[in-house]
> 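Shown below is the structure under consideration.
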Amino acid sequence: MMHPAMTALLVIAVAGSPVGGTARSERGRLQSPQPAAAGATAGISGRVIRAHDGGPLRFASISAESLDGKDRRSTTADASGQFAIAGLAPGRYAISARAAGYVQGWWRKDDAGRGATYIELSADEQRRGVLIALARGGVITGRVVDGEGVPVEGVPVHALVSEFRGGRELVRQVTARPRVTDDRGYFRLFGLDPAEYFVAAIPGPIGGHQGGPLPGHTLTYFPGVPAVAEALPTTVAADRESAIGDLVVRPVTTTVVTGMVFDPSGAPRAGAELVLLPASGPVSSLLPRATSDSAGRFSFTTVPPGGYLLQNLPPPTTPSEFGAVALPVMGGTTFATLRLQAATRARGHIVFEDEAPDFSPRQLAIALQAATGALSPLARGARATVRDDWSLEMTSIWGPQFLRLLEPPEGWMVRHVYAGADDFVARPIDFTRVDLPPIRVVLTRRGAVIAGTVRDADRRAAAGARVVIFAADASRWFQDDRVIHWARVDADGRYHSRALPAGEYLIAAVDDRAVRDWPPRPALLESLRTVASAVSVGEGRSLSKDLMLSAVPQ
């Protein structure tokens with residue numbers, strides 16, 4: 001079910017040194033590898049093949065990642081599918097491969113897909129003969145016809161997949177370029193990973209996107225609807241073809257949206273990049289776009305009636321101005337005025353409860369998550385800097401925002417987020433306030449911890465699985481990111497949570513690939529309720545909880 005929340009999330013990267021691997025260019029030529037860690041003298045070699053006929057898969061990308069996630073090295077297979085990765089430290093590794101048109105695959109101990117899914121390397125060991133078979137991607141076929149059933153040639157068709165990011169439903173196109181219908185109206189979308197897809201056709205020109213030959217026709221989703229919220233998804237499996245039949249495009253009553261863009265001083269703003277978003281529901285990457293001219297004027301054509309949000313897209317390098325306005329489009333020509341506002345900035349300090357930090361400021365990742373998409377830019381957020389004296393500065397902020405600490409240092413969590421005497425740890429800060437006091441972020445080591453083991457149905461360690469921990473109270477899922485967490489199961493079948501606020505939680509262990517989005521969709525958490533175990537943890541306490549691997553209920 002589509003989630004109406006509209007937010008934007010900015011992640012400030014944690015400084016650190018990525019672990020590199022022996023790398024090759026796209027055509028298999030060796031590139032300069034990053035230096036291996038001391039004692040990293042093990043290696044693997046093998047071949048990538050096509051699952052359907054056993055032939056070599058040329059120039060596939062191969063990765064070896066340690067099960068604790070700390071060591072990852074990669075390379076590219078040569079023209080015969082051969083590969084080698086050197087400079088690996090002793091440990092257990094998951095080996096995966098990808099290739100254009102094929103589904104990502106992992107090495108497994110046996111052809112039945114049972115047994116270990118990792119390779120254990122000792123010091124100096126050179127494991128040879130590693131074989132990875134990749135299945136061809138899935139295919140969606142269909143036909144674009146008009147309202148009278150006549151096939152339409154030359155219509156661009158896209159496959160889109162739904163993602164849930166930061167509380168927001170996004171539907172993005174996965175095809176690098178659209179497939180165009182032939183003289184019989186047929187299209188073929190291929191090389192798709194197993195997933196659910198929405199299929200969209202552009203029968204006529206719309207703002208910013210090249211369309212087909214039918215003027216007066218707008219973006220249409222299968223089976224023949226103008227909004228992605230009404231579309232029917234198509235399930236795609238590896239190396240299988242899904243025939244969806246006819247995607248019907250019909251002429252619709254459309255209007256023109258014109259207007260003016262002004263900067264914060266009231267002068268016309270030239271060169272503003274504008275988009276029309278649906279006022280509610282999921283947001284598609286196939287958005288109408290326009291650019292204001294030298295006089296600040298803009299125009300969108302072929303806009304169906306409905307509720308929209310008109311926004312500008314601030315430049316990523318200098319996101320200093322933003323504006324948004326609700327825009328009901330009823331018919332005829334709609335005129336809109338968009339007044340951009342200057343970004344605000346905020347300052348503050350990070351303080352510590354009870355004890356001094358055992359990490360540096362550069363190890364912190366700060367994020368601001370917009371509480372409403374109507375007041376914040378699409379796919380934009382504030383920038384934050386934590387300085388050596390633990391002072392905090394955020395720039396390019398619009399509207400109410402949640403302050404998030406991503407990937408807290410081991411044993412630490414956010415206790416409070418104060419603006420004056422008010423605590424905003426689980427509610428948004430209104431950054432439009434001109435009298436906003438300095439922000440004080442309080443970190444503590446008094447969080448609760450849950451740890452234990454995970455076994456599969458055969459009582460073996462469920463290495464690589466995910467343990468999902470979430471508050472029993474669903475109203476807290478979007479408001480407080482501290483109460484939703486996942487932990488990786490290590491090679492011995494053990495997991496260990498990060499520091500959590502005291503409270504009532506549900507906890508379940510699932511296959512890693514069952515969780516496509518993080519933070520997860522509310523629908524996934526609701527489905528996990530039926531297989532999750534209920535636990536209660538107190539402040540500063542540790543709880544041991546052993547789990548069995550569960551399938552995600554459908």
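What you see is a predicted model; the values in this text were computed from it and never measured.
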> Please round to the nearest 0.5 Å and tell me the distance separating atom CZ of Arg521 and atom CD of Glu169.
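Nearest 0.5 Å value for the CZ-CD distance: 4.5 Å.
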> Which value, rounded to the nearest 0.5 Å, describes the distance between Ile439 atom CD1 and Phe431 atom CZ?
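Reported to 0.5 Å precision, the distance equals 4.0 Å.
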> Give a yes or no answer on whether the side chain of Thr220 reaches the backbone of Thr218 with a donor-acceptor pair at less than 3.5 Å.
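Side chain of Thr220 to backbone of Thr218: a pair is present.
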> Which heavy atom in Ser80 sits nearest to a heavy atom in Pro56, and how many Å separate them?
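Smallest interatomic distance, heavy atoms only, reads O-CB, 3.2 Å.
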> Compare all side-chain heavy atoms of Glu65 with those of Ser96 and state whether any distance is below 4.5 angstrom.
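No, too far: nothing below the 4.5 Å cut-off.
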> Give a yes or no on whether the backbone of Asp263 and the side-chain of Arg339 come within a donor-acceptor separation of less than 3.5 Å.
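The answer is yes, because a donor-acceptor pair under 3.5 Å joins these two groups.
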> Are side-chain heavy atoms of Gln401 and Pro428 found at a separation under 4.5 Å?
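When only atoms from C-beta onward are counted, Pro428 and Gln401 do not touch, as no gap falls below 4.5 Å.
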> Determine all donor-acceptor pairs shorter than 3.5 Å in which one atom belongs to a side chain in residues 237-247; sequence neighbours excluded.
| unit_1 | atom_1 | unit_2 | atom_2 | d |
| --- | --- | --- | --- | --- |
| Asp239 | OD1 | Arg136 | NE | 3.0 |
| Asp239 | OD1 | Arg136 | NH2 | 3.3 |
| Glu241 | OE2 | Thr141 | OG1 | 3.3 |
| Ser242 | OG | Thr235 | O | 3.1 |
| Asp246 | OD1 | Arg143 | NE | 3.0 |
| Asp246 | OD1 | Arg143 | NH2 | 3.4 |
| Asp246 | OD2 | Arg143 | NH2 | 3.0 |

> Looking at Gln341, is its backbone amide N or carbonyl O close enough to the side chain of Trp398 to form a donor-acceptor pair, meaning the two atoms are under 3.5 Å apart?
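Here the side-chain-to-backbone pair exists.
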> So does Ile397 get a backbone contact from the side chain of Thr344, meaning a donor-acceptor N/O pair under 3.5 Å?
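Yes: the side chain of Thr344 pairs with the backbone of Ile397.
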> Let me know which of Val157, Val180, Val155 forms a side-chain contact (heavy atoms from CB on, under 4.5 Å) with Phe187.
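For Phe187, the side-chain contact (heavy atoms from CB on, under 4.5 Å) check succeeds only for Val157.
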> Supply the atom-to-atom distance Ile366 CD1 to Leu406 CG, rounded to the nearest 0.5 angstrom.
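Ile366 CD1 to Leu406 CG: 8.0 Å, rounded to 0.5 Å.
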> Got a list of side-chain donor-acceptor pairs under 3.5 Å for residues 522-529, not counting sequence neighbours?
| unit_1 | atom_1 | unit_2 | atom_2 | d |
| --- | --- | --- | --- | --- |
| Glu526 | OE1 | Arg529 | NE | 3.0 |
| Ser527 | OG | Leu524 | O | 2.7 |
| Arg529 | NH1 | Ala472 | O | 3.4 |
| Arg529 | NH2 | Ala472 | O | 2.9 |

> Look only at the side chain of Arg50 and the backbone of Ala135, and say whether a donor-acceptor pair between them is shorter than 3.5 Å.
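Between the backbone of Ala135 and the side chain of Arg50 there is no qualifying donor-acceptor contact (under 3.5 Å).
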> May I ask you to test the Phe335-Met260 pair for a side-chain heavy-atom distance under 4.5 Å?
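Yes, close enough: below the 4.5 Å cut-off.
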> Using the ring of each side chain (for Trp, its six-membered ring), is Tyr102 parallel, tilted or perpendicular to His52, with breaks at 30° and 60°?
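Geometry flag for His52 against Tyr102: parallel rings.
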> Rounded to the nearest 0.5 Å, what separation is found between the CZ atom of Arg172 and the CG atom of Leu286?
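That separation rounds to 12.0 Å.
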> Under a 3.5 Å cutoff, is there a donor and acceptor pairing between the side chains of Ser63 and Arg72?
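Yes - a donor-acceptor pair under 3.5 Å links their side chains.
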> Return the CZ to CE distance between Arg345 and Met394, rounded to the nearest 0.5 Å.
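These two atoms lie 11.0 Å from each other.
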> Identify the heavy atoms of Pro282 and Val228 that sit nearest to each other, and give their distance.
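Heavy atoms of Pro282 and Val228 come nearest at CG-CG1, 3.5 Å.
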> Can you name the nearest heavy-atom pair linking Leu405 to Val414, along with the distance?
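Reported closest heavy-atom pair: CB-CG2, 3.5 Å.
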> Out of curiosity, Leu403 CG to Asp481 CG, how far, rounded to the nearest 0.5 Å?
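These two atoms lie 9.0 Å from each other.
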> Do Thr181 side-chain atoms and Val152 backbone N/O form a donor-acceptor pair below 3.5 Å?
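Confirmed, Thr181 side chain pairs with Val152 backbone.
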> Could you tell me which non-hydrogen atom of Ala231 sits nearest to which non-hydrogen atom of Phe198, and how far apart they are?
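Residues Ala231 and Phe198, closest heavy atoms: CB-CD2, 3.6 Å.
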> Restricting to side-chain hydrogen bond (donor to acceptor under 3.5 Å, both in side chains), what partner residues turn up for Arg188, sequence neighbours left out?
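Arg188: no side-chain hydrogen bond (donor to acceptor under 3.5 Å, both in side chains) contacts found.
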> Mind running side-chain contact (heavy atoms from CB on, under 4.5 Å) on Gln311 and Phe322 for me, showing each step along the way?
CA-CA 8 Å; Gln311 293 188 355; Phe322 172 71; 3.8 Å; yes
> If you apply the rule side-chain contact (heavy atoms from CB on, under 4.5 Å), what do you find for Leu274 with Phe300, and how did you get there?
CA-CA 9 Å; Leu274 308 172; Phe300 292 90; 3.9 Å; yes
> Flag the pair Leu219 / Ile202 as yes when at least one side-chain heavy-atom distance between them is below 4.5 Å, and no otherwise.
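A side-chain contact exists here, since the closest heavy-atom pair is under 4.5 Å.
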> Would you say that Thr302 contacts Pro205 through its side chain, given a criterion of any heavy-atom pair below 4.5 Å between the two side chains?
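No, their side chains stay 4.5 Å or more apart.
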> Could you go through the side-chain contact (heavy atoms from CB on, under 4.5 Å) check for Arg269 and Leu338 one step at a time?
CA-CA 10 Å; Arg269 168 61 74 199; Leu338 183 64; over 6 Å; no
> Can you check side-chain contact (heavy atoms from CB on, under 4.5 Å) on Ile95 and Ile132, steps first, answer last?
CA-CA 8 Å; Ile95 314 299; Ile132 306 175; 3.6 Å; yes
> Strictly below 4.0 Å, N to O, side chains only: are Arg289 and Glu273 in salt-bridge contact?
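Glu273 and Arg289: not salt-bridged.
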> Considering non-hydrogen atoms only, spot the tightest contact between Leu160 and His158 and give its length.
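Heavy atoms only, the tightest pair is CD1-O, 3.9 Å.
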> Does any non-hydrogen side-chain atom of Tyr197 lie less than 4.5 Å from one of Leu189?
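Answer no - side chains too far apart.
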> Kindly give the heavy-atom pair with the smallest separation between Phe424 and Ala419, and that separation in Å.
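In terms of heavy atoms, the two residues are closest at CE1-CB, 3.6 Å.
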> Is any side-chain heavy atom of Val257 closer than 4.5 Å to a side-chain heavy atom of Tyr308?
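SC-SC contact between Val257 and Tyr308 ruled out.
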